[in-house]
Amino acid sequence: MATTINVMQPELGEAELAAVREVFESRWIGRGPRTARFERMFAEHLGADPGQVTSTSTCTEATFIAVQLLGLGPGDEVVMPTVHFVGAANAVAASGARPVFCDVDPHTLNPSAEDVAACLTPATRAVLVLHYAGHPGDIAAIADLCRRRGLPLIEDAANAVASRVDGQACGTFGDIGVWSFDHGKIAVSVDGGMLWARDPALAERAARLAFLGMEQRSGFDQAMRVATRWWDFDVSSFSRRAVLNDVLAAIGCVQLERLGAFVRRRREVAARYDAALAEVKAVRLPPRPPAGHEHSHFLYAVQMDPSVRDRVARELYENGIYTTFRYPLLHEVAAYGSGVRLPRAEHAAAATLCLPQHQGLSDADVDSVAAALTDALATAPAL
Ligand SMILES: Cc1ncc(COP(=O)(O)O)c(C=O)c1O
């Protein structure tokens, strides 16, 4: 079998190792100055005030905190696209609120403002969208809809760490944004998340909720203050422990410095696939972002006739090429299934295949994926 080409892959090297070594040598590995630096760097990347940003152990934890910040609970409905990460629905359901799944555009796999509006009821208390593949989608129109209806908007920007619309970072269109730095994302801290809140008071509360509800930012800050009884703390709302640490944050800082280069390489990979597959009649290429939209190129998702998709995935796998489909439809998951039909999402989920897309791909890798896909589609129906 040829060398494996991963569908997702982080790029970590000497700079990250040196940063970790420096943390080990500092003898402070917990939440401390590097975590604070990671938050400041990310706030700057977003063009946000550092007081609006707090780090978390994972994006899933950030989403649980977002749901807690909005006070969602039994009787409340949260509208979200059925093409969504399961952890987002879990965060809603764990609060007692009900996820209500809307349909998506069959090509972008993002919902339009109309798709969201179609699911609003008097019980709707929030909207929770993502930016599929890193494509910003209709985020400005959805944010506008939410503002007009007085509904808080949570953006799961895990796909969209570098996506913008007219210069504004995805994740900052609504009330709360969450990001992931797990092992599969564009920039990784191995595991890690960020939460941005429009209201700095909410962001400050988020930091407390991420750290047992304690009214202090970190043990390090507390110790450095050299007050009397620096061991004291107060808890006015109890919570879990979902903080990041300095080992992971140090990696995250280096990765944020490299993020621009990562996205540039991903853009080149996407353009090379576009050119190599342009004449293949049996494949539909991913949508190009409209003017003013900046894409993170997290996924490169092509479409084909649903009758051949699984066979094509298997043939590529047998040639050492990993592909996947993100995200299996939540309205069909046992925990959330309600018998509702969402035909456009269902068609897209059967037709879409995410090809390898990461900054570690060489031009030769891209060419061999494109060639293997072209071969596998030789007898497939034209689209
Ligand atoms: C869209 C989306 N949201 C959230 C997450 C969760 O991120 P984490 O692994 O940091 O909890 C993921 C992870 O794959 C994701 O793809």
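Start at 1 and go down the list; that is how both ligands and their atoms are numbered.
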### Query
Mind checking whether Lys185 has a heavy atom under 4.0 Å from ligand 1?
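A heavy atom of Lys185 does come that close to ligand 1.
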### Task
Using non-hydrogen atoms of the residue, decide whether Tyr327 is closer than 4.0 angstrom to ligand 1.
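A heavy atom of Tyr327 does come that close to ligand 1.
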### Query
Can we say Arg37 and Glu257 salt-bridge, meaning some charged N sits less than 4.0 Å from an Asp/Glu carboxylate O?
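Looking at Glu257 together with Arg37, the answer is yes, because their closest N to O distance falls below 4.0 Å.
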### Query
Among protein heavy atoms, which sits nearest to atom 6 (C) of ligand 1, and what does the distance come to when rounded to 0.1 Å?
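The answer is Phe85 CE2, 3.2 Å.
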### Query
Nearest to atom 9 (O) of ligand 1, what protein heavy atom do you find, and at what distance?
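The closest one turns out to be Asp182 OD2, 2.6 Å.
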Only heavy atoms of [X], strictly under 4.0 Å: list the atoms of ligand 1 that pass.
{"X": "Thr58", "value": "10 (O), 11 (O)"}
{"X": "Cys59", "value": "4 (C), 6 (C), 7 (O), 8 (P), 10 (O), 11 (O)"}
{"X": "Thr60", "value": "6 (C), 8 (P), 11 (O)"}
{"X": "Ala158", "value": "1 (C), 2 (C), 3 (N), 4 (C), 15 (C)"}
{"X": "Leu130", "value": "1 (C)"}

### Task
Verify whether one side chain among Asp191 and Thr58 offers a donor that lies under 3.5 Å from an acceptor in the other.
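The answer is no; no qualifying pair exists.
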### Message
We want to know whether Ser55 and Glu39 form a side-chain donor-acceptor pair, criterion being a heavy-atom distance below 3.5 angstrom.
### Response
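Short answer, yes.
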Do [X] and [Y] make a side-chain contact, defined as non-hydrogen atoms from C-beta onward lying under 4.5 Å apart?
{"X": "Asn6", "Y": "Thr4", "value": "yes"}
{"X": "Met194", "Y": "Thr54", "value": "no"}
{"X": "Tyr327", "Y": "Asn159", "value": "yes"}
{"X": "Ile251", "Y": "Val20", "value": "yes"}
{"X": "Leu202", "Y": "Gln52", "value": "no"}

### Query
When you look for heavy atoms under 4.0 Å from ligand 1, do you find them on the side chain of Asp156, its backbone, both, or neither?
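Side chain only.
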### Message
Below a 4.0 angstrom heavy-atom separation, can you tell me which part of Thr63, side chain or backbone, both or neither, approaches ligand 1?
### Response
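It is neither part, as no heavy atom is under 4.0 Å.
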